[in-house]
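Written out below as structure tokens is the structure these notes cover.
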Amino acid sequence: MSERLAILGGEPARREPFPSWPVWDGREQNALMEVLESGIWGISGDGAKITEFERAFAQAHDAAFGQAVFNGSVALEVALRALDIDYGDEIIVPAYTFLATATSCLMAGAIPVFVDIEPGTYNMDPAAVEAAITPRTRVIIPVHIGGLPADLDSILEIARRHDLHVLEDACQAHGAAWKGRRVGAHGDLGCFSFQSSKNINAGEGGMIITDREDLAEHTWSVHNCGRIRDGRWYQHEVLGSNYRMTQWQAAILLAQLTRFEDYARRREDNGRYLAEQLTRIDGFDALDRDPRVTQHGYHLFISRYAPAAFHGVPRGRFLAAMRAEGIPCSDGYVPLYRMPAIQAGVRQLKHAVGQEGGFPDVLPDCPVTERACSEEGIWFSQSMLLGTHEDMDDIVAAVEKVQAGASAL
Ligand SMILES: Cc1ncc(COP(=O)(O)O)c(C=O)c1O
């Protein structure tokens with residue numbers, strides 16, 4: 001007989017909380033006091049903490065240059081402006097991602113073209129990218145979803161063949177590596193976020209990395225009101241705005257960076273262990289890991305739920321049962337092209353540049369994204385992976401318990 005599920009009045013599988021987020025100590029406190037007392041709170045003066053963080057972060061991500069900005073959304077926008085995107089250009093983005101991947105295109109005047117994801121990895125499907133290319137395509141934005149690197153070899157090869165830029169949306173992929181090299185500067189530019197939930201966190205913050213000096217210069221100008229390095233303060237040469245990071249953010253981020261590699265190893269170890277343990281459960285799998293992924297960023301541990309293996313229990317009810325067992329989890333995204341905000345933005349922009357077109361009357365054909373969003377994808381947050389193997393065992397035990405009791409749900 002199966003154990004009574006907590007959602008039906010039984011004992012929860014776990015009562016302990018998982019590790020909380022954010023993590024901070026005297027390092028963050030001292031760094032903030034240092035900024036306070038220095039009187040240099042922004043880039044004016046010398047902005048030394050910002051520069052130090054740019055260098056340290058770029059180096060940790062195998063890139064030559066880093067440009068700090070105030071969040072990940074504007075990092076994407078600044079990066080696109082640095083690529084000289086023109087009104088009505090098309091940018092290929094996955095349909096399974098956070099809003100900003102697509103709104104950054106719209107803000108830069110370009111039309112996001114949504115493509116489906118691979119069923120195994122939930123990352124942009126290279127075959128779908130190739131099929132979506134038109135004479136107006138300028139950029140491909142692979143998103144390393146949940147910290148799992150997208151198939152960069154295929155995407156870079158397609159980009160080379162069609163003379164397109166690659167902007168990596170690595171906002172969830174701090175520390176992730178593809179074939180031994182950290183993500184972000186495999187393509188032309190890469191963007192990161194330091195928003196509250198992210199694996200390096202200052203509440204808000206963003207970074208653009210690149211190996212190309214010309215693009216580094218251009219992002220600097222765009223992020224700093226269009227100034228040029230050796231120009232005067234009121235000399236504005238490039239269309240840009242104020243996207244600057246503060247010294248407060250940089251100070252916190254430098255402190256967070258001191259823990260980062262250790263935490264990244266812990267997440268990797270627990271993520272691998274959890275994925276391995278889940279293989280014994282029918283109908284509940286971790287996403288596939290390509291052997292070329294040499295480090296998973298594990299911003300999220302994403303798994304795939306098959307209702308058929310759980311007496312047809314819909315995902316929402318399964319999630320409620322898991323939460324009642326003491327395991328926090330969630331269902332994730334809605335296909336981006338279904339968002340009214342995106343539909344309105346695409347409609348407006350197409351109208352402004354005189355383009356006719358189906359979308360949003362005819363939605364993109366993305367069956368894998370639809371399935372991931374409506375019934376399959378389940379997320380566990382990064383801080384849960386900062387615990388122990390026993391914590392991972394509790395997650396697995398709760399899934400097994402809910403599966404055994406599913407007929408009563
Ligand atoms: C894939 C992706 N892109 C972009 C962003 C935007 O970053 P931010 O929240 O710092 O603006 C996020 C953050 O949630 C993200 O997950």
Side-chain angles (χ1 to χ4, degrees), residues 21-22 53 57 61 66-81 91-108 110 112 114-115 117 121-124 139-150 152 155 166-176 183-184 187 189-209 219 223 241-246 248-250 252-253 256 287 296-302 330-337 339 341-342 345 369 372-373 377 379-383:
W21 192 254
F53 179 62
F57 189 85
H61 288 80
Q67 178 58 64
V69 291
F70 63 70
N71 64 46
S73 303
V74 299
L76 289 164
E77 203 181 313
V78 170
L80 287 172
R81 288 196 181 280
I91 299 180
I92 300 178
V93 301
Y96 188 82
T97 177
F98 179 64
L99 180 87
T101 312
T103 49
S104 61
C105 304
L106 291 164
M107 296 297 179
F114 295 97
V115 297
I117 52 174
T121 66
Y122 284 10
N123 272 324
M124 174 181 251
V139 184
I140 305 171
I141 307 187
V143 180
H144 306 303
I145 208 72
L148 179 67
L152 284 170
I155 291 163
V166 172
L167 165 58
E168 292 173 62
D169 182 340
C171 283
Q172 302 182 1
H174 317 71
V183 299
L189 295 150
C191 294
F192 293 81
S193 161
F194 309 115
Q195 167 269 344
S196 303
S197 70
K198 298 302 188 305
N199 299 16
I200 301 177
N201 156 31
E204 302 288 354
M207 180 71 76
I208 304 157
I209 63 172
T219 54
H223 109 289
S241 190
N242 178 357
Y243 298 106
R244 300 185 301 254
M245 180 179 270
T246 65
W248 309 108
Q249 289 169 294
I252 293 272
L253 290 166
Q256 294 270 303
L287 290 178
H296 191 316
Y298 278 121
H299 173 60
L300 297 167
F301 185 100
I302 303 183
S330 59
D331 54 1
Y333 297 128
V334 171
L336 258 196
Y337 49 77
M339 298 274 176
I342 295 292
T369 299
C373 293
W379 293 3
F380 300 101
S381 76
Q382 52 91 6
S383 62

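These numbers were taken from a predicted model, which means no experiment stands behind them. Any value given below was found using the heavy atoms of this structure, including those in side chains, with hydrogens, waters and symmetry copies removed. Just so you know, ligand 1 is whichever comes first in the structure, and atom 1 is the first atom listed for that ligand.
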- prompt: Going by heavy atoms in the side chains, are V143 and V93 under 4.5 Å from each other?
  reply: no
task: May I ask you to identify, for C171, whether its side chain, its backbone, both or neither come under 4.0 Å of ligand 1 on a heavy-atom basis?
output: side chain
- request: Any atoms of ligand 1 less than 4.0 Å from a non-hydrogen atom of V143? List them with their elements.
  value: 1 (C)
message: I'd like to know if the side chain of N199 and the backbone of Q382 have a donor-acceptor N/O pair within less than 3.5 Å.
response: no
- prompt: For ligand 1, which atoms, with element, lie under 4.0 Å from some heavy atom of Q195?
  reply: 9 (O), 10 (O)
message: Could you walk me through whether Y96 and C373 satisfy the side-chain contact (heavy atoms from CB on, under 4.5 Å) test, starting with their C-alpha distance in whole Å, then the side-chain angles of each, then the deciding distance to 0.1 Å, before giving a yes or no?
response: CA-CA 8 Å; Y96 188 82; C373 293; 3.6 Å; yes
Passing candidate, side-chain contact (heavy atoms from CB on, under 4.5 Å) with Q249, options F70, F194, F53: F70
- request: Pull out every atom of ligand 1 sitting under 4.0 Å from any heavy atom of S193, numbered as shown with elements.
  value: 7 (O), 8 (P), 9 (O), 10 (O)
- line: In this structure, atom 11 (O) of ligand 1 is nearest to the protein heavy atom S73 OG, 2.6 Å
task: Could you tell me the residue and atom name of the protein heavy atom closest to atom 3 (N) of ligand 1, and the distance to it rounded to 0.1 Å?
output: D169 OD2, 2.8 Å
field: Distance from atom 16 (O) of ligand 1 to nearest protein heavy atom, with residue and atom
entry: Q172 NE2, 2.8 Å
field: Candidates H174, H144, H299 - the one meeting ring pair (Phe, Tyr, Trp, His ring centres under 6.0 Å) with F192
entry: H174
message: If you compare all heavy atoms of I155 against all heavy atoms of M124, which two are closest, and at what distance to 0.1 Å?
response: CD1-SD, 4.0 Å
- prompt: Do the side chain of H61 and the main chain of G175 share a donor and acceptor less than 3.5 angstrom apart?
  reply: yes
message: To check your reading of the model: name the closest protein heavy atom to atom 13 (C) of ligand 1, its residue, and the distance in Å.
response: K198 NZ, 2.8 Å
query: Among all protein non-hydrogen atoms, which one is nearest to atom 12 (C) of ligand 1, and what is the separation to 0.1 Å?
result: F98 CD2, 3.5 Å
Under 4.0 Å to a heavy atom of G72 - the qualifying atoms of ligand 1, by number: 6 (C), 7 (O), 8 (P), 10 (O), 11 (O)
Residue T97 vicinity, atoms of ligand 1 by number, heavy atom under 4.0 Å: 1 (C)
query: Step by step, would you call Y298 with F380 a side-chain contact (heavy atoms from CB on, under 4.5 Å)?
result: CA-CA 10 Å; Y298 278 121; F380 300 101; over 6 Å; no
